[in-house]
A.B. asks: 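Before I ask anything, here is the structure I am working with.
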Protein chains: 2
Amino acid sequence: MEEDKHSLKERKVITIGIVSELTGLTVRQIRYYEERKLIFPERSNQGSRKFSFSDVETLMEIANKIEEGVQTHEIRREMAKKKKGVTEKEVRNRMLKGQIRAQFGDPKM
Amino acid sequence: MEEDKHSLKERKVITIGIVSELTGLTVRQIRYYEERKLIFPERSNQGSRKFSFSDVETLMEIANKIEEGVQTHEIRREMAKKKKGVTEKEVRNRMLKGQIRAQFGDPKM
DNA sequence: CGTGTAAGGAATTCTGACACG
DNA sequence: CGTGTAAGGAATTCTGACACG
């Protein structure tokens, strides 16, 4: 569940131009949101940004927040909270698996 | 199930350079396999090819076949058969859903 | 048949900066 | 603060073709 680095959704394979088409944002805006630490594209050999479908989703949420007048540092905080929530959920999940394993053997999850 | 045009796997968003990295094939090879009708990338506004994750998978299968010495027109035929098989499977699936619906109401699949 | 390569052009992407505000 | 833009350079992508075989 935590090793999603290789799921289709998380793989960084989309160039900024296509992300721009997909989100309706300008490349300038996308680069700026990276500068503000809202998204974290990988870099290609020659330094080109590569985004995932997940990044595209995040960008659309960002676009909504921006339209609502929320500032980037606020969005940054909100996202940090949300991410933390997921992490805690994963921790609980892991603990639960451990208990189940202890009781019934490997649950193969 | 048949409206997969918009699933992550089918969306054409990857440029040829990244497909090259992902598959280990040269851009020349990828373009050639398109010429031989083995893959069907979409085109960006200015004519750049855009591939899906599904295309990447197909290309890896093609790479294997080529290594085995299978010629492109043979691969083309094999793929036509496989595609037809999937279609028939989908037809059966649709018919089955119809029957279930008639018996028990909408199965919400 | 399948793939490499040089050719020439068009479009992309990158960074740092100035502008407005 | 968020975004547009012109600047200059580097890397990408495209097509049609010649080469080898």
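None of the values given here were measured: they were computed from a predicted structure. Note that these values count all heavy atoms, side chains included, but never hydrogens, waters or copies made by symmetry. Lettering follows sequence order; numbering is per chain, from 1.
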A.B. asks: Within the structure, does a side-chain N or O atom of Tyr33(B) lie under 4.0 Å from either OP1 or OP2 of dG2(C)?
C.D. replies: no

A.B. asks: Is any side-chain nitrogen or oxygen of Thr15(A) closer than 4.0 Å to OP1 or OP2 of dT12(C)?
C.D. replies: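 Looking at the OP1 and OP2 atoms of dT12(C), neither is under 4.0 Å from any side-chain N or O of Thr15(A).
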
A.B. asks: Rounded to the Å, how far apart are Glu21(B) CD and dT13(D) P?
C.D. replies: 9 Å

A.B. asks: Ignoring hydrogens and angles, state whether a donor on the side chain of Arg36(A) or Tyr32(A) is under 3.5 Å from an acceptor on the partner side chain.
C.D. replies: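 Note: Arg36(A) and Tyr32(A) side chains meet the donor-acceptor criterion.
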
A.B. asks: Please report, rounded to the nearest Å, how far the P atom of dA10(C) is from the CD atom of Gln46(B).
C.D. replies: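 Distance, rounded to whole Å: 13 Å.
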
A.B. asks: Are OP1 or OP2 of dG2(D) and a side-chain N or O of Thr72(A) less than 4.0 angstrom apart?
C.D. replies: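 Checking dG2(D) against Thr72(A), a side-chain N or O does come within under 4.0 Å of OP1 or OP2.
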
A.B. asks: Do you know which two heavy atoms are closest between Lys9(A) and Ser52(A), and how far apart they sit?
C.D. replies: O-CB, 3.3 Å

A.B. asks: dT13(C) base to Arg49(A) side chain: any donor-acceptor pair below 3.5 Å?
C.D. replies: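 There is none.
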
A.B. asks: Can you measure Lys65(A) atom NZ to dG2(D) atom P for me and round it to whole angstrom units?
C.D. replies: 14 Å

A.B. asks: Counting Watson-Crick and G-U wobble pairs only, both distances under 3.5 Å, name the nucleotide matched with dG2(D), or none.
C.D. replies: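 In the structure as shown, dG2(D) has dC20(C) as its Watson-Crick or wobble partner.
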
A.B. asks: If you assign Tyr32(A) and Gly17(B) each to the DNA chain D nucleotide with the nearest heavy atom, which residue ends up on the more 5' nucleotide?
C.D. replies: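 The 5'-side residue here is Tyr32(A).
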
A.B. asks: Between dT5(C) atom C1' and Arg31(B) atom CZ, what is the distance in whole Å?
C.D. replies: 12 Å

A.B. asks: Does this structure show an ion pair linking Arg49(B) with Glu35(B), if we count only N-O contacts that are shorter than 4.0 Å?
C.D. replies: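 Glu35(B) and Arg49(B): not salt-bridged.
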
A.B. asks: Side chains of Ile75(A) and Tyr33(A): does their closest heavy-atom pair fall under 4.5 Å?
C.D. replies: no

A.B. asks: If pairing requires Watson-Crick or G-U wobble contacts with both distances under 3.5 Å, which nucleotide is the partner of dT15(D)?
C.D. replies: dA7(C)

A.B. asks: Looking at Leu22(B), Ile18(B), Val19(B), Thr23(B), which one forms a side-chain contact (heavy atoms from CB on, under 4.5 Å) with Phe51(B)?
C.D. replies: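 The option that passes is Val19(B).
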
A.B. asks: Send over the distance from Arg36(A) CZ to dG2(D) P, rounded to a whole Å.
C.D. replies: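 Rounding to the nearest Å, CZ of Arg36(A) and P of dG2(D) are 6 Å apart.
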
A.B. asks: What is the distance, rounded to the nearest whole Å, between atom CD of Glu35(B) and atom P of dT3(C)?
C.D. replies: 11 Å

A.B. asks: Let's see if you can work this out: which of dT15(C), dG2(D), dG2(C) has an atom nearest to the side-chain heavy atoms of Arg43(A)?
C.D. replies: dT15(C)

A.B. asks: Would you mind classifying the nucleic acid contact of Thr26(A) as base, sugar-phosphate or nothing, using non-hydrogen atoms under 4.0 angstrom?
C.D. replies: sugar-phosphate

A.B. asks: What does Ser44(A) touch in the nucleic acid at a heavy-atom separation under 4.0 angstrom: a base, only the sugar-phosphate, or nothing?
C.D. replies: nothing

A.B. asks: How many whole angstroms separate atom CZ of Arg28(A) from atom P of dC14(C)?
C.D. replies: 13 Å

A.B. asks: Between P on dG2(C) and CD1 on Ile30(B), what's the gap in Å once rounded to a whole number?
C.D. replies: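 That distance rounds to 16 Å.
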
